[in-house]
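Heads up: the structure comes next, in structure tokens.
Within every chain, numbering begins at 1; the chains are lettered A, B, ... in the order of the sequence lines, protein sequences first and strands thereafter.
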Protein chains: 2
Amino acid sequence: MIDDPSGIAPHVQSERPTLRTIATATGFSVATVSRALADDPQIAAKTRATVAAAAQRFGYVPDRAARRLRTGRTQVISLLLATEHEFLGFTHEFLTGITQVLAGTGYSVTVVPDSPDGDRLAPVRTILRNNLADGLLFTRTEAFDPRVRLLMEADFPFVSHGRTEFTAPHPWVDFDNEAFARNAVEHLVAKGRRRISLVLPGDKFTFTQHLRYGFLSAARAAGIAYDIAEGITLDSPTPDIAAVLTAARRGPNPPDGYVCVGEVTALVALAALADTGALYGVDADIVAKRASPIFDNIRPQIDTVFEDLRETGRAMAEMLLRRMEGEPADDLHRMILPVPSF
Amino acid sequence: MIDDPSGIAPHVQSERPTLRTIATATGFSVATVSRALADDPQIAAKTRATVAAAAQRFGYVPDRAARRLRTGRTQVISLLLATEHEFLGFTHEFLTGITQVLAGTGYSVTVVPDSPDGDRLAPVRTILRNNLADGLLFTRTEAFDPRVRLLMEADFPFVSHGRTEFTAPHPWVDFDNEAFARNAVEHLVAKGRRRISLVLPGDKFTFTQHLRYGFLSAARAAGIAYDIAEGITLDSPTPDIAAVLTAARRGPNPPDGYVCVGEVTALVALAALADTGALYGVDADIVAKRASPIFDNIRPQIDTVFEDLRETGRAMAEMLLRRMEGEPADDLHRMILPVPSF
DNA sequence: TCCGATTATTAAAACGTTATAAATTACCCC
DNA sequence: GGGGTAATTTATAACGTTTTAATAATCGGA
């Protein structure tokens, strides 16, 4: 074994090639090698070729720490991951999309927890202050999201999952929740349903407004009765949601249609039907937003609308890369469309 | 608002504080400040206090890049996240546990995709070679996992989710799948079931062996009939699993009990019952491993056994920290116990 | 043949930290 | 007060990059 008098980290010192390795091997200086690898046109084409070949031969990979120290760029993208989401598989699908795009770009993804009930600004501040990332992705965006405000002020690249109501444009990827809600209501109406119910996410999230608007306008246009569950949100403990939905079923005018914004809520609604002796398809119908294929295996089969979270992750990562390249925010928007199964 | 004709000071104040900032402010040298902050006993206690106060005042946070360049330690923990898991919420729960423990330690978590069907060694090699992390966590461990072999050879800190069959000890956290399978079978037997069925994960994973052993030994001890589905694994496309289970139900001797290792498989089994006109609780029973509360809202309610993935993530992160501190691997093992709902 | 202008290369500094070795100061005892 | 030792502090040299400014090489053109 090679002795290491330096006392510096054990697994590093196994002859990792550096610029100097290539420099001494090719006879050029470290500076030239660095610029050659950056494809600087000031460096003769022949030299660039020689250096590139040597780098290839040695399996040279630039040291991130050194580059980061020198340039201030971290090669890191941070994901603020909300503790709650409307789908069980949200994190997995989303992260899969992001890492798919980032694979091979040299960026790595760090995950930072984001508690929508807590201080959402704290992790952002830490990242900005300590220069922990070059770009930021986050979910569960609020209408006047403080993170968006702060990041825009700091001119720090980010893409939000969900829009805001700020006037200045910023990059976002969003699911068309208004269209989803509208389609869901219309579908229920087409099935003859006249009294539909909805459980919304917390009021502060922008997508809650979109859902509400789509739901209300379609219900009013159809002239049917509707209600939005009170005292609970999509993120409430499921027993609480179950209690409210079951109570409503036992009340005077139980709904005959449910628009469910998440998978779990849809299961709760189904359970409420079963537990109150109601028959799906007879006494009530359900349209649910889904992000996974689990409903294929749930009986009775309900109508679903697919939200492609993997594609969402991909779109956000791609957009962030473009933003970090300096592309202006004005056109960096992408709406993910609902895919109904009906 | 205020112009800066001098070109000197003002914006410097808003710059990130470094050791030099504190050094000039306190009158000590950079070296002293560095050592004082490291609580070096060679530095006078009074000096340490002074320096600590100044650091506090400036909101000093050491620059990760500089420290990393100098020490070779990255302050990063990488998570190799398998593309498939037996639970929809696996990623979320697991990641939540990990980030909970790592919050405040100064370590950040990067997520790297790991495709169990592809080259599982490639991401590990990249991390080792390019010194991208100080420690590694991964899931879906194989009996003779090449990653474990490589990491042990390189003496690189890691914790695997799942055991291996290597003789040398390495840190692991595992769920007692053997106990789960055994309990599940015994429970079905106690309910009077005499012909039980199981879908296993891929053969190479260690936990597959544990499941098989628990299942087989309990079934044989009880003297009942059993079968393990062939041609499919837990990770097969759900339509494939559904096809096999449904075909079995239509065959000569359909099972009257199912041990389901994942939530989706349990749903498939339930659907297979429903689709073949069988009645849960009458024609067959199910015991399923679960990681989320969704089954509380699925009707009929089946018997479940809880695997606490958040606790698993916590345990793995804690263990990795201890391992990185130099603790020997010998006792770094933790078995997560099944929590039956029955 | 030599000069000015490109073109190609490189020396040196810097990013912020830590570790080594050396320098300084404080302290104690005679 | 001096000599020696212990207690503190600090200068300096890295770590591997990139970048600025400067040097060296090449090339026409007069």
task: Tell me what Arg68(A) touches on the nucleic acid: a base, only sugar-phosphate, or nothing, going by heavy atoms under 4.0 Å.
output: nothing
- request: Report the distance from atom CD1 of Ile22(A) to atom P of dT10(C), rounded to the nearest whole Å.
  value: 14 Å
field: Distance test, side-chain N/O of Thr18(A) to OP1/OP2 of dC15(D), below 4.0 Å
entry: no
query: How long is the line joining CD of Gln42(B) and P of dT10(D), in whole Å?
result: 13 Å
query: Going by the angle between their ring planes, with limits at 30° and 60°, are Phe94(A) and His161(A) parallel, tilted or perpendicular?
result: tilted
field: Arg323(B): which of Asp155(B), Asp330(B), Asp331(B) passes salt bridge (Lys or Arg N to Asp or Glu O under 4.0 Å)
entry: Asp155(B)
statement: To the nearest angstrom, the OH-C1' distance between Tyr60(B) and dG16(C) comes to 7 Å
task: Of all the heavy-atom pairs spanning His333(A) and Pro171(A), show the shortest one and how long it is.
output: ND1-CA, 4.3 Å
- prompt: Could you state the CG-P distance from Asn130(B) to dG16(D), rounded to the nearest angstrom?
  reply: 13 Å
query: Nearest-Å distance, NZ (Lys46(A)) to P (dT7(C))?
result: 18 Å
query: Hey, is the side chain of Ser34(A) poking within less than 4.0 Å of OP1 or OP2 on dT17(D), counting only N and O atoms?
result: no
message: Is there a side-chain contact between Thr47(B) and the phosphate of dT9(D), meaning an N or O under 4.0 Å from OP1 or OP2?
response: yes
query: Is it true that Glu318(A) and Arg334(A) have a side-chain N and a carboxylate O under 4.0 angstrom from each other?
result: no
task: Write down the distance between CG (Asn131(B)) and P (dT17(D)), rounded to a whole number of angstrom.
output: 12 Å
- prompt: Checking all strands, does Ala31(B) fall into the base, sugar-phosphate, or nothing category for heavy-atom contacts under 4.0 angstrom?
  reply: base
message: Taking any heavy-atom pair under 4.0 Å as a contact, classify Thr32(A): base, sugar-phosphate, or nothing.
response: base
- prompt: In whole angstrom, what separates Leu19(A)'s CG from dT17(D)'s P?
  reply: 4 Å
query: Counting side-chain heavy atoms from C-beta on, which of dC15(C), dT9(C), dT9(D) comes nearest to Phe28(A)?
result: dT9(C)
query: Does His170(A) reach the main-chain N or O of Leu332(A) with its side chain, forming a donor-acceptor pair under 3.5 Å?
result: no
message: Distance check needed: dT18(D) C1' versus Leu37(A) CG, whole Å only.
response: 12 Å
query: Nearest to the side chain of Arg70(B) - dT9(D), dT17(D), dA19(C)?
result: dA19(C)
message: What's the closest nucleotide to the side chain of Arg35(B) if the choices are dT9(C), dT18(C), dT9(D)?
response: dT9(D)
